[in-house]
Visitor: 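One structure follows; several queries about it will come next.
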Amino acid sequence: NTSYAAWFNARHQCVGTLWQGRYRAVVVQDGAWAYELSSYLHLNPLRVAGLGLDKRGRMLEGKGFCKPSAEQVMKRLARLGKYPWSSYRAYAGYTRGPDWLTTSELWQRAHAEPNRQCAELRKDMKRRLTVGVEPAWVEQLRDVVAIGSGAFGRWVRSLVKEEAGNFEHPRVLRRRATVQEVREAVEALRGQSWAEFSALRGDWGKPLFLWAVRKYCGLTLRESGEAAGDMSPRAVDMAISRLRKRAESDAALRSKQTKINDQLKGEEWIVEH
């Protein structure tokens with residue numbers, strides 16, 4: 001903040017502090033949340049106006065007001081595939097990662113079958129860049145120190161309270177939704193009980209439930225299938241993929257996803273120092 005910053009600013013004709021703030025670490029309970037955080041970090045270098053992914057662009061795309069052109073999508077994918085300063089290329093199977101990089105946990109979140117994990121991860125990232133990178137909940141994590149289940153949050157909160165004097169600012173903890181909370185939220189949107197609509201063919205209720213328990217409860221494909229009534233991981237994956245595809249052109253369905261998000265994005269606890 002003093003001698004090095006002054007030297008750097010003089011050399012590069014800059015002013016002000018060299019770094020915006022101190023390094024922050026977030027405790028993550030398991031791979032379910034880590035997958036979303038990883039996706040956010042991998043897409044972070046693309047969040048620039050030149051690719052239509054600045055804050056305003058993401059807001060417009062996320063709400064369905066505009067859609068990226070095929071040329072924009074190709075530019076985004078090219079930038080992502082060539083970016084050398086993250087682990088995405090290793091996760092996507094473009095190159096072999098360093099020995100210390102552990103990929104198996106997040107690969108399992110992309111797909112249950114090992115020979116399809118890299119391809120599904122690439123497909124997921126392409127989908128995010130095609131339908132619009134919605135402003136994610138992770139963008140609000142500046143003051144978060146823990147992400148996970150309610151019990152995990154309470155445990156970390158107890159540690160934070162013990163060490164609260166070491167923090168300069170209050171911190172926020174966020175809990176994960178339960179399967180029952182997701183079921184009740186979908187039932188409220190559907191206007192029927194789970195038993196009344198879960199067996200209907202072509203209905204959006206069960207796919208929306210599967211999408212939500214994956215996103216907000218952190219369940220694997222297998223766990224999601226068990227929660228929905230003994231569905232295979234492949235069937236769950238196909239149902240969620242069809243829902244996402246349908247949502248690209250169905251504003252009413254996107255609105256339902258937004259309402260689910262508003263209800264399930266997570267309770268916050270403010271931890272005062």
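What you are looking at is a predicted structure, and each value in this text was computed from that prediction instead of being measured.
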Visitor: Output every pair passing salt bridge (charged side-chain N to carboxylate O under 4.0 Å, His left out) with a member in residues 194-212, not counting sequence neighbours, ordered by first then second residue.
Guide: R190-D203

Visitor: In the structure I gave you, are the side-chain heavy atoms of W211 and V182 within less than 4.5 Å of one another anywhere?
Guide: no

Visitor: So, do R127 and T130 sit near enough that their side-chain heavy atoms are less than 4.5 Å apart?
Guide: no

Visitor: Which ILVMFWY residues can you reach from V15 by hopping between side chains whose heavy atoms are under 4.5 Å apart?
Guide: none

Visitor: Are R89 and P84 close enough that some pair of their side-chain heavy atoms sits under 4.5 Å apart?
Guide: no

Visitor: Determine whether a donor-acceptor pair (N or O, by modelled atom type, separation under 3.5 Å) exists between the side chain of H12 and the backbone of F8.
Guide: no

Visitor: Report the residues that fulfil salt bridge (charged side-chain N to carboxylate O under 4.0 Å, His left out) with D230, sequence neighbours left out, ordered by chain and then residue number.
Guide: none

Visitor: With K245, which residues qualify under side-chain contact (heavy atoms from CB on, under 4.5 Å), at least two apart?
Guide: E248

Visitor: Could you tell me whether R58 and D54 make a salt bridge, using a distance below 4.0 angstrom between a side-chain N and a carboxylate O?
Guide: no

Visitor: Under the side-chain contact (heavy atoms from CB on, under 4.5 Å) rule, collect the residues that match up with S232, sequence neighbours excluded.
Guide: R234, A235

Visitor: Mind checking what makes side-chain contact (heavy atoms from CB on, under 4.5 Å) contact with T103, not counting sequence neighbours?
Guide: Y91, L101, W107

Visitor: Only pairs at least two apart or in different chains count here, so list each salt bridge (charged side-chain N to carboxylate O under 4.0 Å, His left out) that has a residue in residues 101-114.
Guide: E105-R109

Visitor: Which residues pass the salt bridge (charged side-chain N to carboxylate O under 4.0 Å, His left out) test with K126, sequence neighbours left out?
Guide: none

Visitor: Decide whether Y83 and M74 are clustered together by the hydrophobic rule: side chain heavy atoms of Ile, Leu, Val, Met, Phe, Trp, Tyr closer than 4.5 Å, transitively.
Guide: no

Visitor: Does T102 have any side-chain contact (heavy atoms from CB on, under 4.5 Å) partners at least two apart in sequence or in another chain, and if so, which?
Guide: S104

Visitor: W194: which residues meet the ring-ring contact (aromatic ring centres under 6.0 Å, His included) condition with it, sequence neighbours left out?
Guide: F197, F209

Visitor: With sequence neighbours left out, write down each residue that passes salt bridge (charged side-chain N to carboxylate O under 4.0 Å, His left out) with R246, or none if nothing qualifies.
Guide: D250

Visitor: For residues M238 and V236: do they belong to one hydrophobic cluster (side chain heavy atoms under 4.5 Å, members Ile, Leu, Val, Met, Phe, Trp, Tyr)?
Guide: no

Visitor: Heavy atoms, side chains only, cut-off 4.5 Å: are Y35 and V28 in contact?
Guide: no

Visitor: Please check if L46 and W85 belong to a single hydrophobic cluster, counting links between Ile, Leu, Val, Met, Phe, Trp and Tyr side chain heavy atoms closer than 4.5 Å.
Guide: no

Visitor: Hey, does H111 have a side-chain heavy atom less than 4.5 Å from the side chain of D237?
Guide: yes

Visitor: Identify, with sequence neighbours excluded, every residue that meets salt bridge (charged side-chain N to carboxylate O under 4.0 Å, His left out) alongside E187.
Guide: none

Visitor: Does L53 offer a backbone N or O that forms a donor-acceptor pair with the side chain of R47 under 3.5 Å?
Guide: no

Visitor: Would you say S39 and M125 make side-chain contact, with heavy atoms under 4.5 Å?
Guide: yes

Visitor: So with a 6.0 Å cut-off around CZ of R116, is the heavy-atom count from everything else above 12?
Guide: yes

Visitor: Quick one: does L210's side chain get under 4.5 Å of M231's, heavy atoms only?
Guide: yes

